[in-house]
Number of protein chains: 2
Amino acid sequence: MPEAIDAIDRRILRALQRNGRMSNVELANEVGLSPSPCLRRVRLLEESGVIDQYVAVLNGPRIGLGLTVFVRVWFKTQDAEITQQFAETVRKFPEVVECYLTTGECDAIMRVVTADLHAYWRFQADHLTRIPSVQSVKTDVPMETIKRSYELPLL
Amino acid sequence: MPEAIDAIDRRILRALQRNGRMSNVELANEVGLSPSPCLRRVRLLEESGVIDQYVAVLNGPRIGLGLTVFVRVWFKTQDAEITQQFAETVRKFPEVVECYLTTGECDAIMRVVTADLHAYWRFQADHLTRIPSVQSVKTDVPMETIKRSYELPLL
DNA sequence: GATAATTTGGCAGGATATGCCACCCCTTGC
DNA sequence: GCAAGGGGTGGCATATCCTGCCAAATTATC
């Protein structure tokens, strides 16, 4: 039921990943189609869930959110109930921009965005480590961005 | 030069983070402004760099890119030249969606997107560990997504 | 090679974006 | 307290764009 994605669809996706507010006529020119079928393809990609959403990407430092931290989390136990409770709590923290459960060395990974190290420290001390299921955490702090892309490696 | 961001700007940013393709009239209604001043504020936010770009967020699994892996990298040496070479190489890999230099336990963190574990393994064996500056890597594989947001914690 | 299904392109009506100008509000200076 | 100035807002006119419909073309199927 998910229609096959052909070369034109890939061109559309590539273009919209770079500029999600592109007008349909501009997009149609770029992919070599007239506006009508181009728009129809975009709508199909949206409705079929290939395109999840469109978002504006903000410049963190420009709005006082200069620090991103990657946090690895270890749980006290791995049973489902404790994990569920952790998930629900984490989802409510706006500072936690991403969070995944992992198997392997640690139990969860998350990305936290705050104003600065002090703000992060407060978040960790006041909220993160107070979640009952959390045993310990380790943080990795990016010092310099080498690459930050929102384009998936199509093809 | 960076104009202050007031409450209306924050409302605009919040809305555009959730739906970057919102029409200007819809956005104006949501923030309580008429279309004209609303559009001008959006343009200012774009030109001043508060809004970096607009992107379409794709559903990875739907296009055959079901695996995201977090990789921690250790360098052989930390001198600037080696690091620079690492950065330039990594920027060319489309699978590497994000990459940061860190200080602390490891030397770099990256997020890699591939079709599956096998594809990741090929990437690691054929490309990543062949970068001269790379001494070793450790991977954390998300098994379940608890949260994935594109909204920065404004305010 | 003919038919059917899918996709494309063009067109018309409606909605939206854009640029301009007058008005309002708030501040500044007297 | 009052007048002048500046920034922000709202409304309007034009141009552009989106949207749905139908015919034509392309592709697939038999």
Side-chain angles (χ1 to χ4, degrees), chain A residues 1-65 150-152 154-155, chain B residues 1-65 150-152 154-155:
Chain A
M1 101 230 240
E3 71 293 333
I5 289 177
D6 62 10
I8 298 180
D9 284 332
R10 269 193 291 274
R11 283 207 289 274
I12 290 175
L13 294 177
R14 251 191 293 273
L16 288 179
Q17 280 190 114
R18 283 195 295 270
N19 179 9
R21 275 206 96 142
M22 202 173 223
S23 83
N24 183 55
V25 298
E26 190 184 352
L27 179 63
N29 281 336
E30 193 158 323
V31 304
L33 233 55
S34 72
S36 276
C38 182
L39 183 64
R40 180 174 17 232
R41 279 171 178 266
V42 172
R43 291 284 174 270
L44 280 174
L45 290 168
E46 291 168 0
E47 285 159 19
S48 68
V50 172
I51 296 177
D52 258 337
Q53 57 174 337
Y54 299 91
V55 303
V57 177
L58 306 191
N59 183 323
R62 265 293 229 276
I63 52 176
L65 294 169
Y150 295 89
E151 301 176 36
L152 298 186
L154 294 176
L155 262 184
Chain B
M1 59 294 36
E3 70 295 329
I5 290 175
D6 62 11
I8 298 179
D9 284 331
R10 269 192 292 272
R11 282 206 289 274
I12 290 175
L13 294 176
R14 251 191 292 272
L16 288 178
Q17 280 190 115
R18 284 196 293 270
N19 179 7
R21 273 205 100 140
M22 201 173 224
S23 82
N24 183 56
V25 300
E26 190 183 352
L27 179 63
N29 280 335
E30 193 157 323
V31 305
L33 234 54
S34 73
S36 276
C38 182
L39 184 63
R40 180 173 20 228
R41 277 170 179 268
V42 172
R43 291 287 175 268
L44 280 174
L45 290 168
E46 289 168 3
E47 286 158 20
S48 67
V50 172
I51 297 177
D52 258 337
Q53 57 173 337
Y54 299 91
V55 303
V57 178
L58 305 191
N59 184 322
R62 266 292 228 276
I63 52 176
L65 294 169
Y150 295 89
E151 301 176 37
L152 297 186
L154 293 178
L155 264 187

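Naming: A, B, ... by sequence-line order, numbering from 1 per chain.
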Next item on the list: Using the test side chain to side chain contact (heavy atoms under 4.5 Å, CB included), find all partners of Asp52(B) that sit at least two apart in sequence or belong to another chain.
Entry: Val57(A), Asn59(A)
Check: With a 4.5 Å limit on heavy-atom distance, are the side chains of Arg21(A) and Ile51(B) in contact?
Finding: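 No; the side chains remain at least 4.5 Å from each other.
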Check: Between OG of Ser23(B) and CD of Glu26(B), what distance do you get to the nearest 0.5 Å?
Finding: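 Going from OG on Ser23(B) over to CD on Glu26(B), the span is 5.0 Å.
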Checklist line | Start and end of the DNA chain C segment that chain A contacts, any atom under 4.0 Å from a heavy atom | finding: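 The contact span of chain A on DNA chain C goes from dT8(C) to dC11(C).
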Show the nearest heavy-atom pair for residues [X] and [Y], with the distance to one decimal.
| X | Y | value |
| --- | --- | --- |
| Gly20(A) | Tyr54(A) | O-CD2, 3.7 Å |
| Leu27(B) | Ala15(B) | CD1-CB, 3.6 Å |
| Leu16(A) | Met22(A) | CD2-CB, 4.4 Å |
| Gly60(A) | Leu152(B) | CA-CD1, 3.8 Å |

Margin query: Report for the helix from dG1(C)-dC30(D) to dC30(C)-dG1(D): angle between first-end and last-end helix axes, five pairs each, rounded to 10 degrees.
Written below: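 It comes to 40° between the two terminal axes.
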Checklist line | Whole-Å gap separating C1' (dG8(D)) and CG (Asp6(B)) | finding: 10 Å
Output a table of donor-acceptor pairs, distance under 3.5 Å, between side-chain atoms of residues 36-45 of chain A and any protein atom two or more places apart or on a different chain; print 'none' if there are none.
from: Arg41(A); atom 1: NH1; to: Asp6(A); atom 2: OD1; distance (Å): 3.0
from: Arg41(A); atom 1: NH1; to: Asp6(A); atom 2: OD2; distance (Å): 3.2
from: Arg41(A); atom 1: NH1; to: Asp9(A); atom 2: OD1; distance (Å): 3.0
from: Arg41(A); atom 1: NH2; to: Asp6(A); atom 2: OD2; distance (Å): 3.1
from: Arg43(A); atom 1: NH1; to: Glu46(A); atom 2: OE1; distance (Å): 3.2
from: Arg43(A); atom 1: NH1; to: Glu46(A); atom 2: OE2; distance (Å): 3.4

Margin query: Across nucleotides 11-29 of chain D, 5' to 3', mark each nucleotide with B, S or - according to how protein heavy atoms within less than 4.0 Å reach it.
Written below: BB----SSBB---------
Note to self: Enumerate the salt bridge (charged side-chain N to carboxylate O under 4.0 Å, His left out) contacts for residues 30-39 of chain B, please, sequence neighbours excluded, ordered by first and then second residue.
What the structure shows: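 The answer is Arg18(B)-Glu30(B).
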Note to self: Please evaluate residues Leu58(A) and Leu65(A) with respect to the criterion side-chain contact (heavy atoms from CB on, under 4.5 Å), reporting the C-alpha separation (whole Å), side-chain torsions for both, the decisive distance (0.1 Å), and the verdict.
What the structure shows: CA-CA 10 Å; Leu58(A) 306 191; Leu65(A) 294 169; over 6 Å; no
